[in-house]
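Only a predicted model underlies this, so the values are computations on that prediction, with no experimental measurement involved.
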Amino acid sequence: MALMICRDLSFAYGGETVLRGVSFSVEPGDYLCIVGENGSGKSTLIKGLLGLKEPAGGTIELSGGLERREIGYLPQQTALQRDFPASVFEVVLSGRLNGLGRRCFYSREDRREAERNLERMGMLELKKRCYQELSGGQQQRVLLARALCATGKLLLLDEPVAGLDPVATGEMYNLLKLINLCDGVAVVMVSHDVEAALRYATHILHLGHEQLFFGGVADYRRSDALRRLRGGC
Amino acid sequence: MIIAEMLSYPFLARAMLVGLLVSLCAALLGTSLVLKRFSMIGDGLSHVGFGSLAIATALGYAPLAVTIPVVVLAAVLLLRISQSSRIRGDAAIALISSGALAIGVLVVSLTSGMNMNVSNYMFGSILTVSRADAALSVALCAAVLALFTLFYPRIFAVTFDEDFARATGTRAQLYNTLLAVLTAVTVVLGMRMMGALLISSLLIFPPLSAMRVFRSFRSVTLCSAALSVGCFILGMVCSYAFETPSGASVVAANIAAFGVFALLGKLLGR
């Protein structure tokens, strides 16, 4: 059973349609990369999937017991966060916010879960460190641990390797693949890096103000959409 | 004993109470505002407060009854403006604050003339603190403390990463509006004592000083609150001892604290 089915989605800013005709589905265990040039509507789509932006048309259907607030989101980092005084643990713990319900404070279980996810990222010993003192790769792993605190089913990532050096980029991709394969968490990722997408993903969604391709990686390798994207680079 | 002597004057005791509570609220709210890059909102609000205070006085209305609703409205408006991408937020705040200041000055000069009143509004006077102020500050302080203790996890999430908080089902806009409204009330209550031009420093100095040394949200929030209360007491005592204006003395104490904390931060290698 699919986790998420989108049918004929479109998005508009101030009456001007920026993205149209997007239809795809995400199954449990899928690894979907959303590719396309700058301004092709990738981040807009992510915002739509999260419910941060209302679609101008079409439907997003969540099923398989997935609720919208149970999507683990890893946003693009903002300049604001880079000098935010927060400990690593505070940041990761905030991922448990969606399970808080009517409670005011985090329970012992929330804390354990946050520690468990830090450990999965190999970051447990940095728990007390300040978030802003970490390297870019470490910061992304903290945000990934936070996203994992929020979900066991679906991760949505917006350019998770932007600004990382090659080593940290490789580590991030491997971690994501590991989570995807071992824990069966579906991954939906916006990416600039088509080659990495081809290597790690199971499915590709190619956008250019409209849907240019959706399907398996093997089909995408033979598609016109990929040829045009590579030709345009 | 100098504090005991000060408290023996009823008006001064009242001013101390209001000032302490307002300092505490301002520091807590300020932590979130500064980190969200909304520092300028405090400044904008105090100028709007000045304008509406001048108009209320000129028309003979009770100052708080007019000023609080106007400033709360301005707070919600400023929040909207600074979040919308169409209008440049910082420019809009500058427009509104200088506009309100100009109108306030015009109204005052047309009615009572440019006299002591204007100076009191601008730079504050502890003689203006009324019983209503005291009651309202207690209520405000209770509201702010309740907000920060009961909703601490949500406030952290909304301050650190609004998109993430919204994506996980938190009504971020509600918390933003709540912050803005409480900030508006804090500004109005503190304004007449601290002065319209000086009140925003209560919002900004304590968190900035705390951030020089502390590195987690919880410690920054707690330190900022303690620092703000400490600086207020120190400033008031100096003001009493050396007969200096109270608002400016409190700000001077905050400047000194910032210097000490910046130095401490350097020494700790931060």
Side-chain angles (χ1 to χ4, degrees), chain A residues 13-14 43 46-53 67-81 83-107 110 127-134 142-143 146-147 149-151 154 156 158, chain B residues 30-39 82-87 145-173 175 206-224 261 265 268-270:
Chain A
Y13 281 107
S43 291
I46 288 276
K47 287 211 164 71
L49 297 180
L50 288 165
L52 301 181
K53 178 157 179 56
E67 279 183 50
R68 178 162 272 160
R69 61 190 176 88
E70 286 176 348
I71 297 174
Y73 176 41
L74 199 157
Q76 281 191 43
Q77 273 206 60
T78 57
L80 188 150
Q81 283 160 6
D83 56 351
F84 195 100
S87 72
V88 166
F89 193 62
E90 281 181 317
V91 173
V92 176
L93 195 58
S94 72
R96 296 288 293 174
L97 198 68
N98 57 1
L100 218 47
R102 288 176 176 277
R103 283 182 294 138
C104 288
F105 304 104
Y106 295 115
S107 65
D110 289 326
K127 184 182 152 184
K128 295 231 160 79
R129 280 280 294 281
C130 173
Y131 176 77
Q132 54 174 280
E133 287 164 359
L134 303 181
V142 170
L143 294 185
R146 178 182 67 164
C149 276
T151 191
L154 177 64
L156 263 183
D158 198 349
Chain B
T31 308
S32 218
L33 291 180
V34 166
L35 289 170
K36 286 173 84 70
R37 303 285 192 272
F38 287 164
S39 312
S82 58
Q83 283 172 341
S84 111
S85 47
R86 278 202 203 146
I87 316 169
L145 287 178
L147 178 75
F148 265 81
T149 44
L150 296 179
F151 298 106
Y152 178 78
R154 291 166 174 95
I155 292 199
F156 172 79
V158 170
T159 309
F160 179 70
D161 190 341
E162 202 174 309
D163 277 349
F164 182 85
R166 280 170 66 203
T168 48
T170 307
R171 290 156 74 189
Q173 199 54 36
Y175 290 97
L208 276 184
S209 305
M211 269 180 248
R212 297 300 111 198
V213 172
F214 290 97
R215 281 292 183 264
S216 77
F217 186 69
R218 192 215 296 262
S219 54
V220 165
T221 307
L222 291 176
C223 168
S224 153
F261 273 64
L268 291 169
R270 280 173 171 169

Next item on the list: Answer yes or no: are there more than 12 heavy-atom neighbours, outside B:R37 itself, under 6.0 Å from its atom CZ?
Entry: yes
Checklist line | Atom pair CG/CZ of A:N98 and B:F164 - distance to nearest 0.5 Å | finding: 7.0 Å
Note to self: As an exercise: rank B:S219, B:A167, B:A210 by heavy-atom pairs under 4.5 Å with chain A and give me the winner.
What the structure shows: B:A167
Next item on the list: Return the option, out of A:G51, A:G72, A:G95, A:P85, with the maximum number of heavy-atom pairs under 4.5 Å with chain B.
Entry: A:P85
Margin query: So which residue, B:V220, B:L35, B:T170, ends up with the most heavy-atom pairs under 4.5 Å with chain A?
Written below: B:L35
Check: Tell me, side chain or backbone of A:L156 under 4.5 Å from chain B's heavy atoms, or both, or neither?
Finding: neither
Check: Counting only N and O atoms by type, is there a donor-acceptor contact under 3.5 Å from the side chain of A:E90 to the main-chain atoms of B:S216?
Finding: no
Notebook entry, point to check: Pick from A:R146, A:E70, A:K128, A:Q132: which one has the most heavy-atom pairs with chain B under 4.5 Å?
Noted result: A:R146
Check: For A:E133, is it the side chain, the backbone, both or neither that has a heavy atom under 4.5 Å from a heavy atom of chain B?
Finding: side chain
Next item on the list: Considering only heavy atoms, give the residues of residues 151-161 of chain B separated from chain A by less than 4.5 Å, sorted numerically, with 'none' for an empty result.
Entry: B:Y152, B:P153, B:R154, B:F156, B:A157, B:T159, B:F160, B:D161
Check: In Å, rounded to the nearest 0.5 Å, how long is the span from NZ of B:K36 to CZ of A:F84?
Finding: 8.5 Å
Check: Given the rule in the side-chain contact (heavy atoms from CB on, under 4.5 Å) test, do A:Y73 and B:T168 qualify, once you have shown the distances and angles that lead to the verdict?
Finding: CA-CA 8 Å; A:Y73 176 41; B:T168 48; over 6 Å; no
Next item on the list: Carefully, step by step, assess A:Q76 and B:D163 under the rule side-chain contact (heavy atoms from CB on, under 4.5 Å).
Entry: CA-CA 10 Å; A:Q76 281 191 43; B:D163 277 349; over 6 Å; no
Next item on the list: Give the member of A:P75, A:C104, A:S87, A:A150 that has the highest number of heavy-atom pairs under 4.5 Å with chain B.
Entry: A:C104
Check: Which pair of heavy atoms, one from A:F105 and one from B:T149, lies closest together, and at what distance?
Finding: CE2-O, 2.9 Å
Checklist line | Engaged part of A:V88 at the chain B interface, taking heavy atoms whose separation is under 4.5 Å | finding: neither
